[in-house]
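Here is how names work: the chains are called A, B, and so on, in the same order as the sequence lines, proteins then strands, and each is numbered from 1.
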2 protein chains.
Amino acid sequence: MRRSSAQGVLYGQTVANVAGIANSDLECMDILYLEGRVSAGRLAEVTGLTTGAITGVVDRLEKAGLVRRERDEKDRRKVFISVVPETAMKIGQLYVPMQQAMEKVFGAYSDEELRLLLRFAVEGYKGVLAATEALKGLLDTPPEKRPNLKLKKLR
Amino acid sequence: MRRSSAQGVLYGQTVANVAGIANSDLECMDILYLEGRVSAGRLAEVTGLTTGAITGVVDRLEKAGLVRRERDEKDRRKVFISVVPETAMKIGQLYVPMQQAMEKVFGAYSDEELRLLLRFAVEGYKGVLAATEALKGLLDTPPEKRPNLKLKKLR
DNA sequence: AATATATATCTTAGTCGCTAAGAGATTTAG
DNA sequence: CTAAATCTCTTAGCGACTAAGATATATATT
């Protein structure tokens with residue numbers, strides 16, 4: 001599964017490269033697909049980038065016609081980002097090979113087996129989230145018991 | 001699963017950040033763990049970086065004491081990279097939360113269910129590889145039928 | 001109402017890893 | 001025994017990122 005994950009990252013890099021956008025830009029497109037309309041700050045949160053970096057990401061994506069900025073009328077400090085479906089579709093096409101490959105993989109399982117895989121996917125995601133929390137904890141609490149590499153402070 | 005994968009990438013970024021090395025550096029450490037002793041060129045191949053970038057990666061990792069360069073005595077152009085286990089272990093410790101979380105997830109399944117998950121992992125990896133191939137094919141064969149974003153040529 | 005504090009995004013300067021191109025060293029082919 | 005191929009490293013320049021602070025708007029305090 002680690003290998004699949006690594007290979008999946010490579011796939012994404014190729015897509016970004018071909019589409020002529022940066023990796024982070026594509027990552028943000030992905031989030032926008034998954035979460036829909038999202039504020040700039042939330043993008044920073046989810047990607048782990050600074051808000052300054054997100055400004056750059058959205059600038060590039062907007063110039064490429066892939067997303068739109070929309071000021072929130074309720075809270076005029078906020079900027080919502082939303083994908084422009086017609087343009088974003090072109091990038092989506094580059095994922096067709098991946099989708100087909102996955103359909104083929106999943107097609108080999110019975111409904112009951114798929115239920116197990118779904119359960120695993122959900123539980124696995126919870127696990128990764130828990131691990132992320134635990135890592136943060138590991139970094140906050142124990143002072144000097146960690147690998148004494150030169151630690152850079154965490155954002 | 002896409003979400004898990006994205007979150008896993010974030011986890012890795014945090015690890016790299018804390019360890020004071022670049023993302024690509026950590027990715028290479030990962031590959032070195034999985035594949036053992038590997039040539040600089042192979043690292044470039046697997047990561048999708050240029051050989052020049054790999055030189056930088058290995059320079060930094062070597063300076064941090066995480067890997068060693070070894071010239072191949074059979075073919076003296078080649079440079080093999082291998083991890084220094086004692087030092088690399090310190091980074092490995094940062095993956096303990098992830099390992100524990102995964103053990104917990106997998107612990108909830110019977111042997112038979114685990115066999116299914118293993119089968120899925122193997123087939124899934126094959127699928128991702130196939131998709132990568134298909135993507136390359138998609139880029140080579142049809143000339144102008146692709147998303148007409150400004151295409152950067154592929155490495 | 002007026003001021004202070006907090007929040008959300010953007011701006012700027014500087015840093016760092018990456019690519020492209022080519023150099024150096026070694027191996028393989030003709 | 002020269003020529004071409006292969007592998008790594010070097011160099012110059014570029015572009016995305018961070019850190020810090022500026023700007024604009026919202027919320028809390030008096």
Side-chain angles (χ1 to χ4, degrees), chain A residues 9-10 12-14 16-29 32 37-64 67-82 150-155, chain B residues 9-10 12-14 16-29 37-64 66-82 150-155:
Chain A
V9 170
L10 272 181
Q13 280 175 2
T14 304
N17 200 343
V18 170
I21 62 180
N23 275 325
S24 300
D25 301 2
L26 184 63
E27 189 189 352
C28 286
M29 289 298 292
L32 290 170
R37 201 176 123 118
V38 154
S39 76
R42 169 114 183 105
L43 276 183
E45 240 180 279
V46 177
T47 57
L49 296 175
T50 60
T51 60
I54 293 296
T55 299
V57 168
V58 177
D59 283 351
R60 292 189 296 272
L61 289 178
E62 198 172 35
K63 191 149 67 179
V67 306
R68 242 191 302 270
R69 273 187 169 92
E70 293 163 10
R71 281 222 106 83
D72 185 0
E73 287 306 321
K74 304 273 182 184
D75 181 346
R76 300 189 37 77
R77 293 168 305 179
K78 282 191 185 170
V79 170
F80 277 110
I81 323 295
S82 58
K150 42 191 159 139
L151 298 177
K152 284 171 68 180
K153 73 169 178 298
L154 202 53
R155 185 167 35 252
Chain B
V9 170
L10 271 182
Q13 281 176 1
T14 303
N17 199 344
V18 171
I21 61 180
N23 275 325
S24 300
D25 301 3
L26 185 62
E27 189 189 351
C28 287
M29 289 299 293
R37 204 176 120 120
V38 155
S39 78
R42 169 112 184 107
L43 276 183
E45 238 180 281
V46 177
T47 57
L49 297 175
T50 60
T51 60
I54 293 296
T55 300
V57 168
V58 177
D59 282 352
R60 291 189 296 271
L61 289 179
E62 198 172 34
K63 190 147 69 178
L66 291 165
V67 306
R68 243 192 300 271
R69 271 187 170 93
E70 294 162 11
R71 279 222 108 83
D72 184 1
E73 286 308 320
K74 304 272 183 186
D75 181 345
R76 299 188 36 75
R77 293 167 305 180
K78 281 191 185 171
V79 170
F80 277 110
I81 323 295
S82 59
K150 41 187 163 152
L151 298 178
K152 283 170 69 178
K153 73 165 178 296
L154 203 53
R155 190 167 33 252

Problem set entry | A:Ile54/A:Thr47 under side-chain contact (heavy atoms from CB on, under 4.5 Å): CA gap, chis, key distance, verdict | CA-CA 9 Å; A:Ile54 293 296; A:Thr47 57; 3.8 Å; yes
Exercise. Rounded to the Å, how far apart are B:Phe80 CZ and D:dC7 P?
Worked result: 11 Å
Seminar exercise, completed: Expected list for residues 53-61 of chain A near DNA chain C, using heavy atoms below 4.0 Å, is A:Thr55
Problem set entry | Set of residues satisfying salt bridge (charged side-chain N to carboxylate O under 4.0 Å, His left out) with respect to B:Arg68, sequence neighbours excluded | none
Exercise. Roughly how many Å is it from CD in B:Glu62 to C1' in D:dC9, rounded to a whole number?
Worked result: 13 Å
Exercise. Are side-chain heavy atoms of A:Val38 and A:Ile81 found at a separation under 4.5 Å?
Worked result: no
Exercise. What bend angle does the helix from C:dA1-D:dT30 to C:dG30-D:dC1 show across its length, from five-pair end axes and to the nearest 10 degrees?
Worked result: 20°
Problem set entry | Interatomic distance, A:Leu49 CG vs D:dG15 C1' [rounded to whole Å] | 14 Å
Exercise. For the base of C:dC10, is there a side-chain donor-acceptor partner from A:Thr51 under 3.5 Å away?
Worked result: yes
For this session: Taking all heavy atoms of B:Leu43 and all of B:Val58, pick out the closest pair and write down the distance.
Result: CD1-CG2, 4.4 Å
Problem set entry | Within residues 18-27 of chain B or reaching into it, pairs that qualify as side chain to side chain donor-acceptor pair (under 3.5 Å) - sequence neighbours excluded | B:Asp25-B:Arg60
Seminar exercise, completed: Taken to the nearest whole Å, CG/A:Asn17 to C1'/C:dA20 is 13 Å
Problem set entry | Rounded distance in Å - CD1 (B:Ile81) to C1' (D:dC7) | 12 Å
For this session: List the atom of A:Ala22, the atom of A:Ala16, and the distance in Å for their closest heavy-atom pair.
Result: O-CB, 4.0 Å
For this session: Might you point out which heavy atoms bring A:Val67 and A:Met29 nearest each other, and give the distance in Å?
Result: CG1-SD, 3.6 Å
Exercise. D:dC17 phosphate, OP1 or OP2: any side-chain N/O from A:Ser24 under 4.0 angstrom?
Worked result: yes
For this session: Return no unless some side-chain N or O of A:Arg69 is found under 4.0 Å from OP1 or OP2 of C:dC10.
Result: yes
Problem set entry | Gap separating the CZ atom of A:Phe80 from the CZ atom of A:Arg37, nearest 0.5 angstrom | 5.0 Å
For this session: Take the protein atom CD of B:Glu70 and the nucleotide atom C1' of D:dC7, then report the distance between them rounded to whole Å.
Result: 17 Å
For this session: Specify the separation, in whole Å, of atom NZ of A:Lys78 and atom P of C:dA6.
Result: 18 Å
Check the interface with nucleotides 26-30 of chain C: list each N/O to N/O pair with the protein under 3.5 Å, or write none.
residue : atom : partner : partner atom : Å
C:dT27  : OP1  : B:Arg76 : N            : 3.3

For this session: Identify whether any heavy atom of A:Arg42 sits under 4.0 Å from a base atom; if not, whether one sits that close to sugar-phosphate; answer base, sugar-phosphate or nothing.
Result: nothing
Exercise. Who passes salt bridge (charged side-chain N to carboxylate O under 4.0 Å, His left out) against A:Arg69, sequence neighbours left out?
Worked result: A:Asp59, A:Glu62
Seminar exercise, completed: Testing C:dG17, D:dT8, D:dC17 for proximity to the side chain of B:Ala22, the answer is C:dG17
Exercise. What pair of heavy atoms forms the shortest contact from B:Cys28 to B:Leu61, and how long is it?
Worked result: CB-CD1, 4.4 Å
Exercise. In terms of side-chain geometry, is the basic nitrogen of B:Asp75 or B:Arg77 positioned less than 4.0 Å from the acidic oxygen of its partner?
Worked result: yes
Problem set entry | Check: A:Arg76 main-chain N/O paired with A:Arg71 side-chain donor or acceptor under 3.5 Å | yes
Exercise. Within this structure, what is the CG-to-P distance between B:Asp72 and D:dT6, rounded to whole angstrom?
Worked result: 17 Å
